[in-house]
Amino acid sequence: HGKMYANRKERPQVRIEQPSLCLYCTSTPESFWPAIRQSSVHDGFLNRFLVFNSPDPFPPFVEREDISVPDFMSEPVRQLARIPEPMMNRMIEGYAMNPVPNPKIIADSPSAKECFLSYRSLYQKSAKDDPTMASLWKRAEEQAIKIALILAGSEMQDEISGDQAEIGCKVAQFCIENMLTQISDHLAENQHEANLKKVLRIIRRAGRKGIDGTSLTRKTQYLTSKQRIEVVEVMIETAQISVNPVKSANGKIKNTYFPV
């Protein structure tokens, strides 16, 4: 912890050498995307993450493969397990051990450098094409390099290959483009905009066959009749949806809504 929490007697300052924090988090689209605000897009928070969004809510089960753990990874863990608990507690608190990492340096191969350079131009063009979302592309190259570095490090290589750089660049690009789509579909600054985008998603999921007014009302019962009418009118006026009115046998008009 830093100086602001330091207490020389009870909680002496502990210096963490070369900290590298990694987070692996899971959530549901229904909880995650509505929680994102416009400020998260522009303040450098969201572009620090690679967000993978599955289009299939029920993906097929994948059988786990038995993977043998290399000795260079398992042996240090065994050594820690043999340390007596009182000493381990002191080590965890930072009083007895504060190792200084000696990271392995993995260089870029000439083909990897060429790949990163070509994608840098693509990232910069994407940022210029949509200035409102440019902040999401600022760390694209950094993310791509980190992915390629993980691939090379897992193979115990001394340099990043061109293929590994290509994979890193494509994964970073895919995640950012997917994030842009999700932000466009979910990000809202007020309740009216949130309602509009939620109804639009329902209509888009109906696809080419569209959705009739009765079905839309059933799926949007969280809205009042007035709110539903206002949302639909806005989407028609802004050409986000189209409507096909059909006169039934009893003379009533039934509307079917289609995504544009």
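Remember, predicted model here, so these are calculated numbers, not experimental data.
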Grab the two heavy atoms, one from [X] and one from [Y], that are nearest each other, plus how far apart they are.
{"X": "P259", "Y": "G207", "result": "CD-O, 3.5 Å"}
{"X": "I160", "Y": "A112", "result": "O-CB, 3.4 Å"}
{"X": "V260", "Y": "S242", "result": "CG2-N, 3.6 Å"}
{"X": "V77", "Y": "M73", "result": "CG2-O, 3.6 Å"}
{"X": "S118", "Y": "C115", "result": "OG-O, 2.7 Å"}

Within 6.0 angstrom of [X] [atom1], more than 12 heavy atoms from elsewhere:
{"X": "I105", "atom1": "CD1", "value": "no"}
{"X": "N102", "atom1": "CG", "value": "no"}
{"X": "K128", "atom1": "NZ", "value": "no"}

Same apolar cluster: Y119 and M133, side chain cutoff 4.5 Å:
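As far as the 4.5 Å side-chain criterion goes, M133 and Y119 are connected within one cluster.
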
Group every Ile, Leu, Val, Met, Phe, Trp and Tyr by side-chain heavy-atom contacts under 4.5 Å, then state whether L46 and L23 land in the same group.
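Cluster IDs for L46 and L23 match.
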
Return the set of residues passing ring pair (Phe, Tyr, Trp, His ring centres under 6.0 Å) with F258 (not counting sequence neighbours), or none when no residue passes.
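F258 satisfies ring pair (Phe, Tyr, Trp, His ring centres under 6.0 Å) with no other residue.
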
The criterion is ring pair (Phe, Tyr, Trp, His ring centres under 6.0 Å); which residues satisfy it with F32, sequence neighbours excluded?
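In terms of ring pair (Phe, Tyr, Trp, His ring centres under 6.0 Å), with neighbours along the sequence ignored, F32 is linked to no residue.
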
Non-neighbouring partners of [X] that pass side chain to side chain contact (heavy atoms under 4.5 Å, CB included), sequence neighbours left out:
{"X": "N190", "value": "H192, E193"}
{"X": "T26", "value": "Y24"}
{"X": "T214", "value": "D212, R218"}
{"X": "S68", "value": "none"}

For residues 143-157, which side-chain N or O atoms pair as donor and acceptor with protein atoms under 3.5 Å away, sequence neighbours left out?
from: Q143; atom 1: NE2; to: N47; atom 2: O; distance (Å): 3.2
from: Q143; atom 1: NE2; to: R48; atom 2: O; distance (Å): 3.3
from: K146; atom 1: NZ; to: E142; atom 2: OE2; distance (Å): 3.1
from: S154; atom 1: OG; to: I150; atom 2: O; distance (Å): 3.2
from: S154; atom 1: OG; to: L151; atom 2: O; distance (Å): 2.7
from: Q157; atom 1: OE1; to: Q164; atom 2: NE2; distance (Å): 3.0
from: Q157; atom 1: NE2; to: E159; atom 2: O; distance (Å): 3.0
from: Q157; atom 1: NE2; to: Q164; atom 2: OE1; distance (Å): 3.0

Side chains of residues 167-184: which donor-acceptor pairs under 3.5 Å do they make with residues two or more places apart or in other chains?
from: Q173; atom 1: NE2; to: E177; atom 2: OE2; distance (Å): 3.1
from: T181; atom 1: OG1; to: E177; atom 2: O; distance (Å): 3.2

Hey, does [Y] have a side-chain heavy atom less than 4.5 Å from the side chain of [X]?
{"X": "W137", "Y": "Q124", "answer": "no"}
{"X": "Q18", "Y": "P103", "answer": "yes"}
{"X": "N244", "Y": "N255", "answer": "no"}
{"X": "W33", "Y": "V51", "answer": "yes"}
{"X": "K104", "Y": "D158", "answer": "yes"}

Could you tell me whether the side chains of T132 and D130 share a donor-acceptor contact shorter than 3.5 Å?
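The answer is yes; a qualifying pair exists.
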
Is there a side chain to side chain donor-acceptor pair (under 3.5 Å) between T224 and R228 once you walk through the steps?
CA-CA 6 Å; T224 64; R228 188 179 303 107; over 6 Å; no

Using links of under 4.5 Å between side-chain heavy atoms of ILVMFWY residues, direct or through other members, which residues join Y222 in one cluster?
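Via sub-4.5 Å side-chain contacts, Y222 links to L196, V199, L200, I202, I203, I211, L216, L223, V231, V232, V234, M235, I236, I241, V243, Y257.
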
Pairs in or reaching into residues 106-117: which pass salt bridge (charged side-chain N to carboxylate O under 4.0 Å, His left out), with residues at least two apart or in two chains?
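Non-adjacent pairs meeting salt bridge (charged side-chain N to carboxylate O under 4.0 Å, His left out): zero.
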
Sequence neighbours left out, what pairs pass ring pair (Phe, Tyr, Trp, His ring centres under 6.0 Å) with at least one residue falling in residues 34-60?
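Sorted pair list: F45-F49.
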
Can you measure from CD (E141) to CZ (R139) and round to the nearest 0.5 angstrom?
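Output value for this atom pair is 12.5 Å.
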
What distance do L80 atom CG and R82 atom CZ have between them, rounded to the nearest 0.5 Å?
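So the gap between those two atoms works out to 9.5 Å.
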
Pair E233, K226 - check salt bridge (charged side-chain N to carboxylate O under 4.0 Å, His left out), show working.
CA-CA 11 Å; E233 286 179 349; K226 181 181 178 181; over 6 Å; no

Checking salt bridge (charged side-chain N to carboxylate O under 4.0 Å, His left out) between D185 and each of R201, K197, R205, R204, which is the one that passes?
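Looking at R201, K197, R205, R204, the match for D185 under the salt bridge (charged side-chain N to carboxylate O under 4.0 Å, His left out) is R204.
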
Tell me every residue that passes salt bridge (charged side-chain N to carboxylate O under 4.0 Å, His left out) with R64, counting only those two or more places apart in sequence or in another chain.
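So R64 forms a salt bridge (charged side-chain N to carboxylate O under 4.0 Å, His left out) with D66.
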
